[in-house]
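Chain A is the first sequence line, chain B the second, and so forth, proteins listed ahead of strands; every chain is numbered from 1.
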Amino acid sequence: MPAKLPRSFYCRPTLDVAPDLLGKILVRIKGKTVTSGRIVEVEAYRNADDPASHAYRGLTPRNHLMFGEAGHAYVYFIYGMYFCVNVVTEKAGTAGACLIRALEPLGGIGVMEKRRGIENIHDLGNGPGKLCQAMSIDRALNGEDYLGDTLFLIDDGFSGFRIKRSPRIGIRAGVDKRWRFFIQGNGYVTKNKFNAL
DNA sequence: TATTGGATCGCC
DNA sequence: GCGATCCAATAG
């Protein structure tokens, strides 16, 4: 199996890490159950300079992981029923994270279909809430180390794709920032009006 | 202590 | 286009 991404991969500026996450494989191991998928869409969130970021107004009990060591998971609960998972970036003390917005399912597809309650492979990971449901990611994984054995990223050398960017989805503040990155033409990217630009 | 609206999704 | 349904952050 290809090597896990090292701490140094995450400990960089958020806007450098975000596009580099595209094409990497997210692996989730829960007991004996393994699910995995290729990251095809991410969004970057920064600190006090980014009004759309949870870290915009400084450190709170909820967002403190964004200020911590890079390479950990920041998982939060949203809209009363969904979870979203981020990768913490930047050196400790500087807030930053990348939201994983879409995955192309690779391994454990049957398990993911069962968790999602559907069989359309295109709807298993095309959205931050959906992919968390498919990979069984919830509050229990908040703070999890991506260098550990339950949730981690590997690089299988996948490359040659074209990266596109757009404003981030579903936010009001910071729409001037084009900090959503996705793989052009990939069928597992979330649907929205920016994809054709 | 009360209010408000959100880094969503699925159905109308 | 809108409701479901929780809770963090802000205001009072």
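- With both pairing distances under 3.5 Å, B:dT1 is matched to C:dA11 as a Watson-Crick or G-U wobble pair.
- In this structure, NZ of A:Lys191 is placed 16 Å from C1' of B:dG10, rounded to the nearest angstrom.
- Computed from coordinates, the A:Met81 CE to B:dC11 P distance equals 12 Å when rounded to whole Å.
- Remark: the separation of the C1' atoms in C:dC2 and B:dG5 is 15 Å, to the nearest Å.
- Rounded to an integer number of Å, the gap from CZ of A:Arg46 to C1' of B:dA7 is 16 Å.
- B:dA7 has A:Tyr45 stacked on its base ring, the centres lying under 5.5 angstrom apart and the planes within 30 degrees of parallel.
- Of the candidates C:dA4, B:dG6, B:dA7, B:dA7 carries the atom nearest the A:Arg101 side chain, counting heavy atoms from C-beta on.
- Going from atom CD1 of A:Ile78 over to atom P of C:dT5 covers 16 Å, rounded to whole Å.
- Pair assignment for C:dT5: none, as no Watson-Crick or G-U wobble contacts are both less than 3.5 Å.
- With distances taken from any side-chain atom of A:Phe77 to the nucleotides B:dG6, C:dA9, C:dC6, the minimum falls on C:dC6.
- A:Tyr82 has its OH atom 7 Å from the P atom of B:dC9, to the nearest Å.
- Less than 4.0 Å separates DNA chain C from no heavy atom of any residue of residues 106-134 of chain A.
- Neither OP1 nor OP2 of C:dC7 sits under 4.0 Å from any side-chain N or O of A:Arg62.
- Shown are A:Arg38, A:Glu104, A:Arg162, A:Glu41; of these, the side-chain hydrogen bond (donor to acceptor under 3.5 Å, both in side chains) with A:Asn186 is made only by A:Glu104.
- If you check the side chains of A:Asn195 and A:Lys191, you find no donor sitting under 3.5 Å from an acceptor.
- In this structure, A:Phe77 has its ring center under 6.0 Å from that of A:Phe83.
- OP1 or OP2 of B:dA7 has at least one side-chain nitrogen or oxygen of A:His54 nearer than 4.0 Å.
- The distance from atom CD1 of A:Ile169 to atom P of B:dC9 is 11 Å, rounded to the nearest whole Å.
- Protein atom CG of A:Leu65 is 16 Å distant from nucleotide atom C1' of B:dA7, rounded to whole Å.
- Closest of all the heavy-atom pairs between A:Pro19 and A:Leu15 is CD-O, 3.1 Å.
- Taking only side-chain nitrogens and oxygens, A:Thr60 never comes nearer than 4.0 Å to OP1 or OP2 of C:dA8.
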Name every donor-acceptor pair, under 3.5 Å, that has one atom in a side chain of residues 67-74 of chain A and the other anywhere in the protein, sequence neighbours excluded.
{"residue": "A:Glu69", "atom": "OE1", "partner": "A:His72", "partner atom": "NE2", "Å": "2.8"}
{"residue": "A:His72", "atom": "ND1", "partner": "A:Gly143", "partner atom": "O", "Å": "2.9"}
{"residue": "A:Tyr74", "atom": "OH", "partner": "A:His54", "partner atom": "ND1", "Å": "2.7"}

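- No side-chain heavy atom of A:Lys30 sits less than 4.5 Å from a side-chain heavy atom of A:Val111.
- Going from atom OH of A:Tyr79 over to atom C1' of C:dC6 covers 12 Å, rounded to whole Å.
- By the 6.0 Å and 45° rule, A:Arg180 does not stack over the aromatic ring of A:Phe194.
- Residue contacts for A:Leu99: at a heavy-atom cut-off of 4.0 Å it reaches a base atom on one of the strands shown.
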> Given A:Arg116 and A:Gln133, is the side-chain hydrogen bond (donor to acceptor under 3.5 Å, both in side chains) satisfied, shown in steps?
Replying inline: CA-CA 6 Å; A:Arg116 291 268 301 120; A:Gln133 187 177 32; 2.6 Å; yes
